[in-house]
Structures are given as C-alpha cells and as structure tokens.
Amino acid sequence: MSLFSAMNISAGGLTAERRRFEVAYVNMINSSTTRTPEGGPYRRKDVVFQTTTFDGVMQEADGRLQGVEVAGVVDDMSPFERVYDPGHPDAVDDYVSYPNVKASEEMMNMMAASRSYEANIAAIGILKTMINRTLDIGK
Amino acid sequence: MDTRLFPVNTRLFPAIEDRMDWTAKRHQVLTANVTNIDTPGYHTKDVSFADQLQFLQLRASNGKHITSPLGDSRMSLYEVQTDPDIKDNSVSLDREMTELAKNGLMYLTMIQFVSQKIKTLRSAINEGNRG
C-alpha cells in the first residue's frame, strides 16, 4: 500500500534529521575539548545526506522517487581556533588550539534539524488520518 | 455479474478507487519531498494532472469528450521548476505542507464518496428486506 511506503519515507527522514541533531549536539558539547583519543583538539563533525531509493509502487512507474539517509559523518577540516593562553597545559608556543566549533552554527543546525523533524512528523500525522479513515470505509 | 442485483449504479466505484490510488501515490511523492528537504542536489517532484487522467483510463467514446494529451503512457514524475538554494535543493516546505494537506483532504473526500455509495447500497438492501 502506497500510504505505508510514504510513511517509511518519512520515518527515514526522522532518522536522518535526528542523526543530524545528535551530531550538532555533540559538536556543541565538545566546543572546548582540547584533548581527544586521536590527539589534538576536537574536530567539528558534519553529516552528509544522500537520497536513497526504496521499494514503493512508484518505483515500478518511475525510479526517480527517493527517500533520504545519512551517507556518513565527516570531519570539518577548517582550521582550529588559536587562543593566546600561556598557562594552559595544552599550549604550544603560548597558543592553545581550540575546536573549530562555532556555537551559532551548531544552534542553527539544531534548530533546522528539529524543524525538519517536525515537518516529517506532520506528514506522518496526515498519513495516519488517511489510513484510519480508509479503515472506516463502510462503517 | 447480473447488474440487476445492484439497482444503484456501481460503475462509479472504480473511478473513485482509481482516484484514491492516485492520491495515495501522489502523497508518497510529496512525503519524499518533505523528507529530502535537507538533501543536497534534490529537486522537488510531483505527478501531473494529465497523468492522472491517464491513470483513470478515461476513454473518449465521443469526439466532444475530454481526452488525455499524452496518450496511454503510465503515470510518471516530473521535476517542479523552482529556484534551488545554495545546496542545489529546490524543496519549499510551505508548498509541500500545503500540498500534503490538500492531497490528504482530497483522499478523505474520496472516502466520503465511497462511504456514501455503500450506505446507499446498504439502505437499498435493508429496505428490501423489510417489505
């Protein structure tokens, strides 16, 4: 039933947006972390979204209809922030390298992710009404 | 089937069912648009009304009847021409949510039609019993 496939697409969107939110959240938490297992300060992470094909009715008619999934989490290779702090144990030549995380950027990311999440929830809500009413046919 | 068993014109049913099917499929397309709101390189998709006419398999038995300009091809997607953003994504949340609501209401309307038809049939059956 195509309504259920539509619900699966939305569910994929929910997963992807939550992943994006989590990554932004972790970035925020580590905005001052100067020590990591890999050595050096924390490097900002970013999610990459990609379209995914799914098995739906439309698939037979046209293969271009796509859902979404997280292709991977990548490192942001922009330079670290260097702060003058000679007393800091991680200071090199009086300068400490802080993560390349910007609070405003992460806040924007989290807000956008949660709005997109809500949009998917709203779509699922409409679908639920449609399916429920279909079940009421003939009552 | 002997149609005399059904005094009500049941031939309307297939058309409504086709329309419901088409609406459900369009819903799938619109949902995919909402889901891909943050996917780089994704362009808004939709199914056209002309395709819907084909889907209903309307046949012109008279020269004055409405016909589909595209013939008998199956329903297909097209990309909606809107300006893409910096990530080459052209999904507009406003458009998608509005279309989703409209499409959902259309589906519920079709359900009302079917329910009314069934109600009429049932009434005919029960009243006949009473006599």
Side-chain angles (χ1 to χ4, degrees), chain A residues 1-17 20 47-54 56-71 109 112-113 115-139, chain B residues 16-17 20-43 45-47 51 54-55 73-79 87 89 91-94 96-97 99-119 121-122:
Chain A
M1 189 180 175
S2 50
L3 287 178
F4 285 114
S5 332
M7 220 171 220
N8 288 340
I9 307 174
S10 286
L14 290 178
T15 311
E17 296 298 343
R20 178 181 172 203
V47 284
V48 180
F49 282 2
Q50 71 179 16
T51 53
T52 170
T53 51
F54 64 96
V57 192
M58 288 299 292
Q59 199 69 26
E60 300 153 22
D62 202 307
R64 284 180 298 161
L65 189 61
Q66 294 149 326
V68 69
E69 66 181 2
V70 173
N109 239 329
R115 289 289 170 269
S116 301
Y117 192 89
E118 283 168 21
N120 278 302
I121 293 275
I124 291 178
I126 298 172
L127 276 165
K128 275 168 68 181
T129 314
M130 285 165 76
I131 293 171
N132 273 324
R133 295 284 286 275
T134 312
L135 293 172
D136 285 341
I137 290 180
K139 274 188 183 168
Chain B
I16 298 174
E17 285 161 18
M20 276 175 73
D21 203 20
W22 179 83
T23 313
K25 279 168 186 163
R26 176 153 191 259
H27 213 81
Q28 207 175 330
V29 178
L30 296 172
T31 311
N33 286 340
V34 174
T35 305
N36 280 296
I37 192 151
D38 295 312
T39 312
Y42 184 87
H43 294 142
K45 294 174 178 56
D46 208 339
V47 191
D51 288 327
Q54 296 155 29
F55 203 71
S73 64
R74 283 189 297 175
M75 84 188 231
S76 61
L77 296 171
Y78 70 93
E79 282 191 0
K87 287 186 290 182
N89 183 306
V91 178
S92 150
L93 190 58
D94 311 324
E96 297 316 318
M97 295 319 283
E99 291 299 322
L100 267 179
K102 272 158 66 180
N103 205 55
L105 283 172
M106 182 57 76
Y107 189 82
L108 300 183
T109 311
M110 292 301 131
I111 289 176
Q112 281 295 323
F113 275 135
V114 177
S115 294
Q116 283 301 327
K117 292 290 284 183
I118 292 174
K119 216 175 269 179
L121 273 174
R122 183 172 291 155

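Just so you know, these numbers use all the heavy atoms, side chains as well, and skip hydrogens, waters and symmetry mates. Numbers restart at 1 for each chain; the letters A, B, ... are given by sequence-line order, proteins then strands.
The part of R20(A) that comes within reach of chain B is its side chain, from C-beta onward, which places non-hydrogen atoms under 4.5 angstrom from that chain. Contacts between Q112(B) and chain A at a heavy-atom distance below 4.5 Å involve the side chain alone, from C-beta outward.
Your options are L93(B), I118(B), L108(B), and the one with the most heavy-atom pairs under 4.5 Å with chain A is L108(B). Per-residue counts of heavy-atom pairs under 4.5 Å with chain B were compared for N8(A), V68(A), I124(A); the largest is that of V68(A). No other option in N36(B), V114(B), V34(B), L100(B) has as many heavy-atom pairs under 4.5 Å with chain A as N36(B). For chain B, the option among T129(A), L127(A), D136(A) with the highest count of heavy-atom pairs below 4.5 Å is L127(A). Counting heavy-atom pairs closer than 4.5 Å to chain A, the top residue among N33(B), L30(B), T39(B), I37(B) is T39(B).
T35(B) and N120(A) share a side-chain donor-acceptor pair at under 3.5 Å. A side-chain donor from one of S116(A) and D38(B) sits under 3.5 Å from a side-chain acceptor of the other.
Scanning for side-chain contact (heavy atoms from CB on, under 4.5 Å) contacts around S92(B) gives D94(B), R95(B), with sequence neighbours left out. Partners of I121(A) under the side-chain contact (heavy atoms from CB on, under 4.5 Å) rule, at least two apart in sequence or in another chain, are L14(A), Y117(A).
Listed here is the closest heavy atom pair of F49(A) and P40(B): O-CD, 3.6 Å. Looking at every heavy atom in both residues, M110(B) comes nearest to I16(B) through O-CG2, 3.7 Å.
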